[in-house]
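A, B, ... follow the sequence lines: proteins, then strands. Residue 1 opens every chain. Given the structure is predicted, the values throughout are model-derived calculations rather than measurements.
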Amino acid sequence: GDSVTQMEGPVTLSEEAFLTINCTYTATGYPSLFWYVQYPGEGLQLLLKATKADDKGSNKGFEATYRKETTSFHLEKGSVQVSDSAVYFCALSRRSGGSNYKLTFGKGTLLTVNP
Amino acid sequence: GAVVSQHPSRVICKSGTSVKIECRSLDFQATTMFWYRQFPKQSLMLMATSNEGSKATYEQGVEKDKFLINHASLTLSTLTVTSAHPEDSSFYICSARDSGPSGGNIQYFGAGTRLSVL
């Protein structure tokens with residue numbers, strides 16, 4: 001079945017440091033890939049997405065490129081801020097059963113950015 | 001972006017009572033909504049898939065008689081936790097899939113409901 005593996009945290013960085021959170025996936029066909037972010041006590045917010053190979057999703061300084069050859073979708077940001085502290089989830093979506101598009105999530109990576 | 005409203009954000013109830021959680025897509029139609037449960041410091045566990053006008057599809061191990069799902073319109077799905085017990089205490093999150101022509105089938109999430117059963 002489908003699966004998503006992302007680097008385990010927690011990750012602790014200083015402000016303005018470079019961030020990479022690795023994510024690899026296993027799926028048949030051509031899934032869409034997502035990064036969601038969850039701030040404390042809140043639901044998930046879509047951070048960025050990519051729907052086909054070589055697509056680059058970007059938002060708020062974060063980027064991730066859909067690499068089919070390595071089945072990866074690593075999240076990067078050049079200079080993190082304290083406000084980026086949150087849990088980041090990598091996920092894939094593939095049509096499953098009729099018109100359903102279930103999301104398969106990684107376990108999440110807690111990022112803490114210190115001033 | 002698309003907005004999903006989930007209500008209430010927090011509920012405390014006595015053991016044995018039932019609790020209803022609402023999930024609304026505010027600016028798009030959602031033929032499919034999803035209900036998740038999240039344990040502390042863990043990922044989301046899909047409980048069920050809710051399709052407008054039909055019965056929900058439950059994941060293995062989820063009791064359909066305890067977690068009643070109704071998806072009566074294209075913008076509203078409800079989850080009712082029946083006869084709640086302390087072990088049902090958790091963070092419940094809904095999502096709605098934007099199935100419109102430009103929606104990209106992306107799931108948008110509600111802010112979650114913290115259920116505490118005393």
So how far is it from A/Leu44 CG to B/Tyr108 OH, rounded to the nearest 0.5 Å? 13.5 Å
Can you confirm whether A/Tyr39 is buried at OH, in the sense that more than 12 heavy atoms of other residues, nucleotides or ligands lie under 6.0 Å from that atom? yes
Around atom NZ of A/Lys77, are there more than 12 heavy atoms of other residues, nucleotides or ligands at under 6.0 Å? yes
Considering only heavy atoms from C-beta outward, does the side chain of A/Phe89 approach that of B/Leu44 to under 4.5 Å? yes
Connected via hydrophobic side-chain network under 4.5 Å: A/Met7 and A/Val113: yes
Say you draw a straight line from CD of B/Gln107 to OG of A/Ser32; how long is it, rounded to the nearest 0.5 Å? 11.5 Å
Do A/Leu111 and A/Leu75 land in one hydrophobic cluster if side-chain heavy atoms of ILVMFWY residues count as linked below 4.5 Å? yes
In Å, rounded to the nearest 0.5 Å, how long is the span from CD1 of B/Ile106 to CZ of A/Phe34? 5.5 Å
Give a yes or no on whether B/Leu76 and B/Ile21 share a hydrophobic cluster (residues Ile, Leu, Val, Met, Phe, Trp, Tyr; joining criterion: side-chain heavy atoms under 4.5 Å apart). no
If one checks every heavy atom of A/Tyr36 against chain B at 4.5 Å, the contacting part turns out to be side chain
Counting heavy-atom pairs under 4.5 Å to chain B, which of A/Thr104, A/Leu46, A/Val87, A/Leu103 comes out on top? A/Leu103
Taking everything shown except B/Glu59 itself, do over 12 heavy atoms lie less than 6.0 Å from its CD? yes
Is chain B contacted by the side chain of A/Gln45, its backbone, both, or neither, given a heavy-atom distance below 4.5 Å? neither
Spacing of B/Ser43 atom OG and A/Gln6 atom CD [to the nearest 0.5 Å]: 7.5 Å
Around atom CD of A/Glu69, are there more than 12 heavy atoms of other residues, nucleotides or ligands at under 6.0 Å? yes
Would you indicate whether B/Lys66, at its atom NZ, is surrounded by more than 12 heavy atoms from other residues, nucleotides or ligands within a distance under 6.0 Å? yes
With a cut-off of 6.0 Å (strictly less than), are more than 12 heavy atoms of other residues, nucleotides or ligands near NZ of A/Lys68? yes
Under 4.5 Å, heavy atom to heavy atom, which residues of residues 85-94 of chain B contact chain A? B/Phe91, B/Ile93
Answer yes if A/Ile21 and A/Val80 sit in the same cluster of Ile, Leu, Val, Met, Phe, Trp and Tyr residues linked by side chain heavy atoms under 4.5 Å apart, and no otherwise. yes
Contact origin within B/Gln6 toward chain A - heavy atom pairs under 4.5 Å: neither
